[in-house]
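Below is one structure, written out as structure tokens, with a few remarks after it.
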Amino acid sequence: MANGSVRVRFCPSPTGNPHVGLVRTALFNWAFARHTGGTFVLRIEDTDAARDSEESYAQLLDSLRWLGFTWDEGPEAGGPHAPYRQSQRMDTYREIARKLRDAGHAYHCYCTASELEERRDAARAAGRPSGYDGKCREVTPEQRTRYEAEGREPIVRFRMPDETITFTDLVRGELTFTPENVPDYGIVRANGAPLYTLVNPVDDALMKITHVLRGEDLLSSTPRQIALYEALMELGIAKAVPSFGHLPYVMGEGNKKLSKRDPQSSLNLYRERGFLPEGLLNYLSLLGWSLSADQDVFTIEEMVAAFDIADVNPNPARFDLKKAEAINADHIRLLDVKEFTERCAPWLKAPFAPWAPEDFDEAKWEAIAPHAQTRLKVLSEVTDNVDFLFLPEPVEDEVSWTKAMKEGSDALLRTARAKLEAADWTSAESLKEAVLAAGEAHGLKLGKAQAPVRVAVTGRTVGLPLFESLEILGQEKTLARIDAALAKLAA
Ligand code: GLU
Ligand code: ZN
């Protein structure tokens with residue numbers, strides 16, 4: 001579909017840290033806009049003063065930029081429907097709420113919370129639908145006067161048409177909602193504050209949104225919004241009802257819905273662990289979509305070229321951290337090595353790096369980087385993998401030590417030291433031969449022979465390819481560390 005008239009929106013509320021579900025929604029909207037040559041609108045739904053914060057707002061924009069999303073209209077970008085922060089559009093909502101009331105599409109509801117609850121309970125007990133019962137649909141002038149004398153402050157409620165609403169969801173196909181399942185609903189609080197139920201479809205109408213792509217959790221608000229849209233069309237405020245597509249739930253551990261509050265869902269976590277934005281987006285795109293059955297790793301450009309909302313799978317998607325890391329690892333390998341070294345920069349200094357800044361050696365880093373690049377799942381792992389090069393002494397990891405240092409390790413280390421002293425230090429191959437020969441002298445295969453050497457030199461049982469590591473560290477330091485390990489074994 002090439003269609004420059006597509007207009008989609010991503011409309012987060014700035015409450016707390018962005019989570020992966022939100023990023024997936026942004027991604028699908030963005031990819032759909034880019035694929036169709038349409039417009040991607042960023043709107044900030046910050047009408048809930050109690051929950052929204054400037055800090056979250058700043059973080060949201062920063063996150064979107066880090067991910068590489070660009071918006072055609074929205075905060076900072078501007079556009080024909082500015083302002084794009086709902087907190088700055090309150091007059092518009094007030095006026096539209098009034099028009100809806102004047103036209104009879106909405107009415108004042110004077111019921112108190114306890115009255116509503118009482119009637120809800122009674123309806124449930126009688127097996128009737130328990131939503132709002134329409135009591136205030138026809139309030140007489142006398143009743144109104146009495147309510148007001150009682151000091152009741154009304155909310156504004158939208159009058160749902162008494163008819164079945166059917167629409168074709170772009171992901172889930174035809175869906176039908178009967179009136180008893182969609183009761184009249186509040187659109188303005190008693191204190192005059194407009195609710196999501198009003199401001200979201202009103203802005204979609206005013207901003208001429210053509211496709212609403214959002215999470216399945218919002219499916220129940222769609223019939224209400226369609227009815228409100230139709231009222232807005234009657235008032236000449238909206239032109240057409242947009243198409244809706246509801247993206248599948250994302251399931252986390254134990255097959256429970258991944259919630260915003262799950263630590264696993266925090267975008268910052270992935271950023272701090274050194275996911276590449278392209279790796280994370282590639283993975284998140286698979287939560288409901290795929291490029292092809294046999295290709296999990298692709299670029300964002302490939303996704304954009306292929307993306308169609310009609311291909312989104314309605315079944316719940318499972319969030320799988322291992323798979324996310326594997327895909328990220330592939331993206332790390334796709335970088336050119338210079339780009340890789342640059343992207344690692346944050347993890348090679350404080351607060352992540354434990355070494356003194358003056359002990360960092362750029363040449364050694366550049367030498368080891370290609371080996372690191374093929375091994376990392378996330379960039380933050382680089383620190384532990386290269387710290388042996390920049391710390392005066394290897395880290396002390398008792399678990400590694402106990403695992404590698406067996407009976408006879410001292411004898412092996414002594415032989416290895418002698419052979420390494422005589423080896424050609426311009427070739428990792430020669431260092432390998434040295435350790436191989438030392439192993440043979442003690443009846444050990446290479447794997448067993450290199451374990452104590454690795455722990456003596458790097459402090460850990462696992463790490464980057466050993467002989468290249470030794471070569472880059474240099475002969476003097478390598479031998480000194482073996483000596484230190486021998487001294488520790490003797491003690
Ligand atoms: N502000 C709403 C949210 O973050 C947007 C929902 C929608 O896309 O309609 O949940
Ligand atoms: Zn009422």
Side-chain angles (χ1 to χ4, degrees), residues 7-30 32 40-48 51-52 56-57 60 63-64 74 84-87 89 106-120 123 131-140 143-144 146-148 150 152-160 169-170 183-190 194-205 207 209 211-226 228-229 242-247 249 259-260 265:
R7 291 180 58 83
V8 293
R9 79 324 190 249
F10 173 56
C11 52
S13 299
T15 55
N17 298 333
H19 59 97
V20 291
L22 202 67
V23 176
R24 198 260 319 248
T25 299
L27 172 63
F28 283 28
N29 276 286
W30 182 85
F32 188 62
F40 179 64
V41 178
L42 173 63
R43 182 172 77 225
I44 304 296
E45 304 216 314
D46 55 352
T47 52
D48 189 347
R51 294 173 60 228
D52 303 326
S56 297
Y57 168 72
L60 200 55
S63 299
L64 292 174
Y84 291 89
R85 291 185 70 171
Q86 291 187 324
S87 56
R89 301 170 62 81
Y107 56 90
H108 275 152
C109 166
Y110 292 88
C111 302
T112 64
S114 61
E115 287 168 348
L116 291 172
E117 201 181 306
E118 217 168 275
R119 281 166 17 225
R120 195 180 313 125
Y132 185 73
D133 55 8
K135 178 161 193 284
C136 301
R137 276 185 166 199
E138 324 298 336
V139 169
T140 63
Q143 271 173 321
R144 184 182 309 279
R146 187 159 50 76
Y147 285 149
E148 278 166 10
E150 287 171 20
R152 295 183 187 231
E153 289 182 339
I155 67 160
V156 180
R157 216 179 255 289
F158 185 78
R159 185 192 303 269
M160 284 295 295
D169 188 278
L170 297 168
D184 296 353
Y185 60 96
I187 56 175
V188 181
R189 283 188 218 276
L195 292 165
Y196 162 79
T197 51
L198 176 72
V199 301
N200 177 278
V202 160
D203 279 344
D204 285 350
M207 296 178 180
I209 297 304
H211 296 74
V212 171
L213 313 179
R214 59 183 174 191
E216 186 174 349
D217 51 321
L218 291 157
L219 184 56
S220 63
S221 58
T222 301
R224 303 163 164 195
Q225 295 185 353
I226 289 174
L228 191 119
Y229 246 97
S243 303
F244 290 86
H246 291 89
L247 310 176
Y249 281 121
S259 107
K260 297 189 227 216
S265 76

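Counting starts at 1 for both ligands and their atoms, following the listed order.
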Taking the side chain as every heavy atom from C-beta outward, state whether [X] and [Y] have any atom pair closer than 4.5 Å.
X      : Y      : value
Arg9   : Asn200 : yes
Arg152 : Glu115 : yes
Ile44  : Tyr57  : yes

Cys11 to ligand 1: N or O pair under 3.5 Å?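 Yes, there is a polar N/O contact under 3.5 Å.
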
Nearest protein heavy atom to [atom], by residue and atom, and its distance?
atom                    : result
atom 8 (O) of ligand 1  : Arg9 NH1, 2.8 Å
atom 2 (C) of ligand 1  : Glu45 OE1, 3.4 Å
atom 10 (O) of ligand 1 : Leu218 CD1, 4.1 Å

Looking only at heavy atoms of Tyr196, does any of them come nearer than 4.0 Å to an atom of ligand 1? yes

Which ligand 1 atoms does Arg214 reach within 4.0 Å, using its non-hydrogen atoms? 7 (C), 8 (O), 9 (O)

Parallel, tilted or perpendicular, as decided by the 30° and 60° cut-offs, for the rings of His108 and Tyr110: perpendicular

Parallel, tilted or perpendicular: which fits the ring planes of Tyr107 and Tyr132, with parallel below 30° and perpendicular above 60°?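 The rings of Tyr107 and Tyr132 sit tilted, inter-plane angle from 30° to 60°.
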
With the Zn ion (ligand 2) as the apex, the SG/OH angle for Cys111 and Tyr132 - to 10°: 110°

Is the charged tip of Arg224 near the ring of Phe158: under 6.0 Å from the six-membered ring centre and within 45° of its axis?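 No cation-pi geometry.
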
